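This one's a predicted model, so the numbers in the text were calculated from it and none came from an experiment. Letters A, B, ... mirror the listed sequences (proteins, then strands); counts begin at 1.
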Amino acid sequence: MVPAAASCTLCHAARLPRTSAAAATISPAGRNRCRAVAEHAGRPGALKKVGEEMREGMVRIPSGCAISGIMSTKGIRFNGEAITRSIACMHERSNGLGGGFAAYGIYPEYRDLYALHLMYETPQARVDTEENLRRHFNVAQSELIPTRPLPQIGEAPLLWRYFVRPVREDGADGLWEDDDYVTAFVMTVNREVPGAFVFSSGKNMGVFKGVGYPEDIARYYRLEEYEGYMWVAHGRFPTNTPGWWGGAHPLGVLDWSVVHNGEISSYGVNKRYLEMFGYCLELQTDTEVIAYLFDLLHRRHGIPLDLVCRALAPPFWKAIDRMDDRERELYTALRRVYGSAMLNGPFSVIVAFQGAMVGLNDRIKLRPMVTGKKGDLILMGSEESAIRVIAGDLDEVGSIRAGEMAVARLEEGVVV
Amino acid sequence: MSNYLPPEYLVRIDEGRCRRCGECVRGCGFGTLAFAHGAWKDAMSVFKHDQGDLQQVLARIKENVTDRVVADHHKCVQCHYCVSHCPEGAVSVQPNPLAYRGNHHWRPEYLKNIWRQANTGGMVLTGAGNDKAYFSYFDHMVLDACQVTNPSIDPLREPMELRTYLGARPDGLELEPGPGPRGAVLKTRLAPAVRLDTPLVFPAMSYGAISLNAQKALARAAKACGVVMNTGEGGMHEDLYPFADWMIVQVASGRFGVNPGYLRRGAAVEIKIGQGAKPGIGGHLPGEKVDEGVSQTRMIPVGSDALSPAPHHDIYSIEDLSQLIYALKEATEYSKPVSVKIGAVHNVAAIASGVARAGADIITVDGFRGGTGATPLAIRDHVGIPVEMALAAVDDRLRQEGIRNHVSLVVSGGIRHSGDVAKAIALGADAVALGTAALIAMGCRLCQKCYTGNCSWGITTQRPHLTRRLDPDRAAENLTNLIRGWSLELKEILGALGLNAVESLRGSRLRLRGVGLPESDLRVLGIKNAGV
Ligand code: SF4
Ligand code: SF4
């Protein structure tokens, strides 16, 4: 049986063994769980954040976008200049209201610790967060994220990072996977601590993002000083001006990061489906939904990656009806069981996690997505130019077909 | 005593147009119309007395005999059969303009029912669904559409999927690496399900309540459209066996027509706990409607009343329901989904949750607008809650408990058009049942006299001269057309929403907005107000 219990609550799971049938069937709603987590974290019910009604999470903001990704399948690390050039080349696809990057393999010296990147809007937010943080984690390192002041970048929050390891004084030992524990913590802070936002929480990777054009964000975060084997980037064209740093992309949880171009018309279905499994969707963005769906289907349900993609952008019934018996049975089951996880509407998306990068297009290809290969480099982007600007003479170039995906993986045996 | 009651409708025959064809006289199931035989008698007496001159007699007859169609207005129920079938357009039916002394509280319908009951000492019976002016939530919800930021999809040019499966779903699939497609082998064995080509079904309407021809029409249409109909509690007539794959067989408290063969024959089995038109009330099929065919199918004597008890006599609690569910699963060797139909009542969310946990694969929630063949008026009009509210509450509760996927939700009760269907799906339904709409497609004029067994349209009657007029092939065509029309409209709605599969609308409350609803209602429905 796939466990139905949620990963969202510290308290609940501490009392109920994850594997018990009880946990699987009588776990309370996502919403209630979140509240339970909040209380556990010592911040009962306080309403989130410095009161802005128009930011992510308060309203749903449709956006158009540019996305790009590069990976060395040999695990060779390179700095953030290439990805910056790639995303900068699609300047017209963003409007200066959001840009960001995810970089993998950049913290090898802390590879076993969770790297938490936080935004603080008030000094109090940091005090509150750190109090919780120290209760649940051993903090090996706590420091400012280095930045470079730029006229193009407006007022920025305080950007801080921690390298941490979970501690288990609350008796939750053994009942929780570390990953679930960290996820619960991230959701708690983001939901309940006013002015604080965790925007990166994986191991040996980091998200860097903010309000501005992506190339300016790259310079602001001094990405040329980091070396990673895989980079993804996002330039955003939101339809209003929330001007909130947390709303920029990539979004993700643990080492999952998602950049996405499009608008998921099935957002409401996907959201309510995820909530049933204990996820709290704080930001009202599609990207968050995609990240959590990958988390649920791949990490928690153990569905192989390419079938996750087939569940999220499934073949049409007509095609399924033509398949041989075994395939038909599998795809029918995928659609019956994961119908509410289907991403409907236009999108192209790059999902990255330690060791792999996946490009996926919607069922009828309503958004562009191009892939290329050059030596050990796999490239993906909204436009061919974004790929060619990095490597002019590509070995291979192609377009992802509707509902299809492209996967880049580290070669066997490569350690990052 | 009926003197106390003025007729509700007046039937007028336009003498100038009427050519005495008798179409209306034969057509009226309620015996309202007749040729004026009194006039003939008068003529004959003239003939007898005036033996002599034949010419003169004929002249007298011509003078005196007007072989008119006359109406006993008291009997008319405004079913419009006569109006629809008069080739000359000579018949019209109007509400009796008789003015009652105006009174907002004591409206005429209440006076009339009091007179009726004062005459008979019985319950006021009725058929069809609640017709009172309760607030309609469907009419105060509107759907979304795409503009610019995400494109709408054109169903004429792109595939648009309505296929829906009704049955239990596990939380997730278990796959293991192996020689299967994409290197994965499916370990999970999925529970049986009913496949629908469009998220519509015909709800339970029994043979007995409706005619065999009506059931045949529903069965043929279900097959043609790739949906299912439901036997209702009256068993399955032999003639319908070829359609059994498109039929859900119902087990109600009377257990009429239930045997192992019946259970195994259908596409799914449904336990009827309650019905929106009369939650908490058993079924009542008057003996007049129990003819040879009904008697055979229900396994009861001809002419005997078929009374199904209010509760199942083996279900007095939720654990009993669970036993029956599993007894039926055993009897069908776990090859069919088991559905449980409940009426929408105040505590419907908790009940549905219990039903889901009791092992049901499908839950049908029937709202208070749902139709019936016969029920006390007091129950039909005053018991139960709107299906929109019930659906929202049930879907919410099942999600809160993390078991929404374990059951499929079908809703019924006053679904009038594809807009209602789309709204119900957005609120959380897997599929929608259309009962009254299906009858209307076959001719029903909602006269609400189904319990009399006189239905002029041959639908809710067993009288041969009436059932004969319902041609199952033509009616099936009408039903098929209706399903097709609604499905096309659903595709347009989905396309406008930027979706190409109906499951992407299921439970998407974000795509609904309320117009003119108070905060408390919006909260129950889980939707926002228009403009935000
Ligand atoms: S009951 Fe129907 S058919 Fe008969 S007179 Fe009235 S409207 Fe006409
Ligand atoms: S089915 Fe027949 S009797 Fe019943 S409401 Fe319709 S027309 Fe009247």
Side-chain angles (χ1 to χ4, degrees), chain A residues 1-4 6 24-32 60 62-64 239 262-269 271-273 275-278 296-297 300-304 306-307 310 314 316-318 323 326-327 329-340 342 344-346 363-364 366, chain B residues 144 146 148-153 158-159 161 163-165 167 169-177 179-186 188-190 193 197 357 395-396 398-406 426 428 494 497-512 526 532:
Chain A
M1 263 300 287
V2 178
T25 50
I26 60 166
S27 47
R31 237 177 300 147
N32 299 341
R60 202 165 132 68
S63 324
T239 49
E263 190 179 342
I264 308 293
S265 310
S266 59
Y267 175 81
V269 176
K271 173 176 184 280
R272 295 186 78 215
Y273 176 70
E275 281 170 351
M276 210 161 60
F277 289 92
L296 176 69
L297 270 65
R300 283 172 62 186
H301 288 183
I303 309 286
D306 52 354
L307 284 174
R310 300 307 273 170
F316 284 93
W317 286 117
K318 245 192 197 150
M323 295 173 178
R326 250 164 121 174
E327 257 196 311
E329 193 198 344
L330 175 66
Y331 282 104
T332 304
L334 271 183
R335 286 200 65 174
R336 270 186 62 195
V337 174
Y338 294 114
S340 301
M342 179 201 298
N344 213 319
R363 305 177 83 200
I364 52 176
L366 293 167
Chain B
D144 191 19
C146 293
V148 185
T149 54
N150 49 355
S152 43
I153 302 174
E158 302 281 351
E161 301 186 316
R163 190 187 295 183
T164 300
Y165 284 87
R169 291 165 288 236
D171 279 322
L173 285 179
E174 260 194 290
L175 296 162
E176 57 184 12
R182 301 204 182 216
V185 173
L186 188 63
T188 315
R189 264 200 65 221
L190 244 56
D197 287 343
R357 291 181 192 290
D395 181 68
D396 271 346
L398 295 179
R399 282 172 191 271
Q400 278 162 19
E401 300 190 10
I403 54 174
R404 173 64 184 85
N405 269 9
H406 301 182
L494 285 177
L497 286 162
L499 305 172
N500 54 20
V502 70
E503 57 259 52
S504 295
L505 178 62
R506 192 193 308 137
S508 194
R509 309 246 178 113
L510 272 179
R511 309 308 291 277
L512 284 173
V532 291

Please find the pair of heavy atoms, one from [X] and one from [Y], that lie closest to each other, and give the distance.
X: B/Pro181; Y: A/Glu327; answer: CB-CG, 3.2 Å
X: A/Arg335; Y: B/Ala501; answer: NH2-CB, 3.8 Å
X: A/Val269; Y: B/Ser508; answer: CG2-CB, 3.5 Å
X: A/Phe277; Y: B/Asp171; answer: CZ-O, 3.8 Å
X: A/Ala333; Y: B/Leu186; answer: CB-CD2, 3.8 Å
X: A/Val337; Y: B/Gly172; answer: CG1-CA, 4.0 Å

[X] (side chain) donor-acceptor with [Y] (main chain) under 3.5 angstrom:
X: A/Asn344; Y: B/Asn500; value: yes
X: A/Tyr338; Y: B/Leu173; value: yes
X: A/Arg272; Y: B/Gly507; value: yes
X: B/Glu161; Y: A/Trp317; value: yes

Do the side-chain N and O atoms of A/Tyr331 and B/Arg182 include a donor-acceptor pair separated by under 3.5 angstrom?
yes
Under the ring-ring contact (aromatic ring centres under 6.0 Å, His included) test, which residues partner A/Phe316, sequence neighbours left out?
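For A/Phe316 there are no ring-ring contact (aromatic ring centres under 6.0 Å, His included) partners, ignoring immediate neighbours.
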Hey, what do you get for CE (A/Met342) to CZ (B/Arg506), rounding to the nearest 0.5 Å?
9.0 Å
Working to the nearest 0.5 angstrom, can you tell me the gap between B/Arg511 CZ and A/Ser266 OG?
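Nearest 0.5 Å value for the CZ-OG distance: 8.5 Å.
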Proximal component of [X], with respect to chain A [non-hydrogen, under 4.5 Å]:
X: B/Val185; result: side chain
X: B/Leu505; result: backbone
X: B/Leu499; result: both

Partners meeting side-chain hydrogen bond (donor to acceptor under 3.5 Å, both in side chains) with A/Arg336 (sequence neighbours left out)
none
What part of A/Leu296 lies closer than 4.5 angstrom to a heavy atom of chain B: side chain, backbone, both or neither?
neither
Atom group of A/Leu330 that falls short of 4.5 Å from chain B, counting heavy atoms:
both
Can you find a pair of side-chain heavy atoms, one from [X] and one from [Y], that are under 4.5 Å apart?
X: A/His301; Y: B/Pro170; value: no
X: B/Val148; Y: A/Glu263; value: no
X: A/Ser265; Y: B/Ser504; value: no

As an exercise: rank B/Arg509, B/Glu503, B/Arg163, B/Arg169 by heavy-atom pairs under 4.5 Å with chain A and give me the winner.
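Between B/Arg509, B/Glu503, B/Arg163, B/Arg169, the count favours B/Arg163.
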